Amino acid sequence: MIPARTIDTLAERLDTAQTSRTETPSLADTHAFGIDDAYAIQAALLARRAARGERLTGVKLGFTSKAKMAQMGVSDVIVGRLTDAMRVPDGGDLDLSRFIHPKVEPEVAYRLCRDVDLDDPATDIESCVDAVAPALEIIDSRYEDFRFTYGDVVADNTSAAAYVIGPWRPVESVSNRAVRLLAGTTVVTGSTAAVLGDPVRALHALLDMCRRRSIPLRAGQAVLAGAATAAVPLTTGVTSCDAAGIGAVSVRGVR
Ligand code: 0L1
Ligand code: MG
């Protein structure tokens, strides 16, 4: 592990990049650090945000598609944290000047209906969710040109920047549902099958990651399971996502 003071320095650098909307070079350009260090930097970054009054509202998974895993040369998902400062109401306005170079991804969200016991090997994660919804995730890497290593992106809270969740409905299988993202004049189509083959697998991957990284999962929190299509730039105007049989969700980018 790298020294605690280096963890804090790197977390501060990422925090400043976000609050000043100024991209920063890859941490790996100047520091050698492992994946445990990267999650420690992420935790230090979230602690800084918590000290400013932000409250955890959920978790998100990244690298849930085969294409993204192959691109990054990894075979594991990554996990990041969501806070109340990132939450945008369905149909609400989102001030794009908060971000550096935002992109949007259509996702599926699950709602946790009870605290998840990470220590009990018999925990049934599927019984810990009671609702599912269409969602949009806004990612905004704090690194120049979205250029990062695996460790960098974990440290940067997996590029998480904002999220929007549509109407919740009782949980059911959402495997292989068609998804359409409309972002300005861009139309992208995909399927929930892009999320580890079936979004329910994201719940199992999340349980495994949260056990390994000691990340608590609490009743009422949202889980963003992963993207159904590649991310596209988020621009002004309405961006919406329609997921067959799950519902629709939208946000309006403003300046
Ligand atoms: O949520 C995601 O799948 C994105 C994870 C981070 C990778 C990126 O910023 O492109
Ligand atoms: Mg995502």
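Quick caveat, the model's predicted, so the values are computed rather than measured.
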Rounded to the nearest 0.5 angstrom, the CD-CG distance for Q18 and D140 is 8.0 Å
Passes side chain to side chain contact (heavy atoms under 4.5 Å, CB included), Q42 versus L46? Steps please. CA-CA 6 Å; Q42 183 191 116; L46 268 293; 4.2 Å; yes
Check: L112 main-chain N/O paired with R114 side-chain donor or acceptor under 3.5 Å: no
When you look at V153 and S141, which way does the side chain to side chain contact (heavy atoms under 4.5 Å, CB included) test go after all the steps? CA-CA 8 Å; V153 70; S141 173; over 6 Å; no
Taking all non-hydrogen atoms of both residues into account, name the closest pair between S175 and D198 and its distance. CB-OD2, 3.2 Å
Pair E23 + R147: basic N to acidic O under 4.0 Å: no
Ring geometry between F146 and H101 (parallel below 30°, tilted from 30 to 60°, perpendicular above 60°): tilted
Can you check whether I78 reaches Y150 side chain to side chain, under 4.5 Å on heavy atoms? yes
Would you say that D8 contacts E12 through its side chain, given a criterion of any heavy-atom pair below 4.5 Å between the two side chains? no
For a 4.5 angstrom cut-off between non-hydrogen side-chain atoms, does V179 reach C241? yes
Test item: R177 side-chain N/O and A244 main-chain N/O as donor-acceptor pair under 3.5 Å: yes
Find out whether T19 and R48 are in side-chain contact, i.e. whether some heavy atom of one side chain is under 4.5 Å from a heavy atom of the other. no
Do any N or O atoms from the side chain of N176 and from the backbone of A193 form a donor-acceptor pair under 3.5 angstrom? no
P134 vs V108 side-chain heavy atoms within contact, under 4.5 Å: no
Out of curiosity, R87 CZ to L82 CG, how far, rounded to the nearest 0.5 Å? 10.0 Å
In the single-linkage hydrophobic clustering (I, L, V, M, F, W, Y; side-chain heavy atoms under 4.5 Å), do V79 and I35 co-cluster? yes
Side-chain (R201) to main-chain (L196) donor-acceptor, under 3.5 angstrom: yes
When hydrophobic residues are tied together by side-chain contacts of less than 4.5 Å, even through go-betweens, does V195 share a cluster with M69? no
Using the rule given for side-chain hydrogen bond (donor to acceptor under 3.5 Å, both in side chains), can you reason through D84 versus T57, listing the C-alpha separation, both sets of side-chain angles and the distance that settles it, and then say yes or no? CA-CA 6 Å; D84 56 348; T57 51; over 6 Å; no
M72 side, atom CE; T149 side, atom OG1 - distance, nearest 0.5 Å: 6.5 Å
Heavy atoms only: give me the nearest L118-P216 pair and the separation to one decimal. CD1-CA, 4.2 Å
Heavy-atom donor-acceptor pair, D156 side chain to R142 backbone, under 3.5 Å: yes
Testing the basics here: between F99 and D95, what is the closest heavy-atom pair and its distance to 0.1 Å? CE1-O, 3.8 Å
L14 and Y143, any side-chain heavy atoms less than 4.5 Å apart: yes
Tell me whether the count of non-hydrogen atoms from other residues, nucleotides or ligands lying under 6.0 Å of CZ in R180 goes above 12. no
Linking I/L/V/M/F/W/Y whenever any side-chain heavy atoms sit under 4.5 Å apart, do L182 and V88 land together? no
Show the nearest heavy-atom pair for residues P167 and D90, with the distance to one decimal. CD-OD2, 3.7 Å
Side-chain heavy atoms under 4.5 angstrom apart, residues restricted to Ile, Leu, Val, Met, Phe, Trp, Tyr: same cluster for Y39 and V74? yes
May I ask you to test the R213-V154 pair for a side-chain heavy-atom distance under 4.5 Å? no
Please answer whether the main-chain N or O of E126 pairs with a side-chain N or O of Y110 as donor and acceptor at a distance below 3.5 Å. no
Between D130 and R111, is there a salt bridge with N-O shorter than 4.0 Å? yes
Using atom types as modelled and distance alone, determine if a side-chain donor or acceptor of R81 lies under 3.5 Å from a backbone N or O of L56. no
Does atom CZ (R21) have a neighbourhood of more than 12 heavy atoms from anything else shown, all under 6.0 Å? yes
Below 4.5 Å, heavy atoms only, C-beta onward: do L94 and T239 meet side chain to side chain? no
Going from CG on L234 to CD on E137, what distance comes out if it is rounded to the nearest 0.5 angstrom? 11.5 Å
Inter-residue atom distance D36.CG - R212.CZ, 0.5 Å rounding: 10.0 Å
Consider only side-chain heavy atoms of I, L, V, M, F, W and Y, link residues closer than 4.5 Å, and tell whether I215 and L224 are in one cluster. no
Could you go through the side chain to side chain contact (heavy atoms under 4.5 Å, CB included) check for T6 and L10 one step at a time? CA-CA 6 Å; T6 310; L10 296 179; 4.1 Å; yes
How close do P199 and T192 get, counting heavy atoms only, and between which atoms? CD-O, 3.5 Å
Is there a donor-acceptor pair under 3.5 Å between the side chain of K60 and the backbone N or O of Y163? no
Donor-acceptor contact below 3.5 Å, side chain E54 vs main chain M86: no
Closest non-hydrogen atom pair, F33 against A28: CE2-N, 3.9 Å
Looking at D117, is its backbone amide N or carbonyl O close enough to the side chain of T123 to form a donor-acceptor pair, meaning the two atoms are under 3.5 Å apart? yes
Determine, stepwise, if the pair I165 / V249 fulfils side chain to side chain contact (heavy atoms under 4.5 Å, CB included). CA-CA 7 Å; I165 295 183; V249 57; 5.8 Å; no
Spacing of R98 atom CZ and I138 atom CD1 [to the nearest 0.5 Å]: 8.5 Å
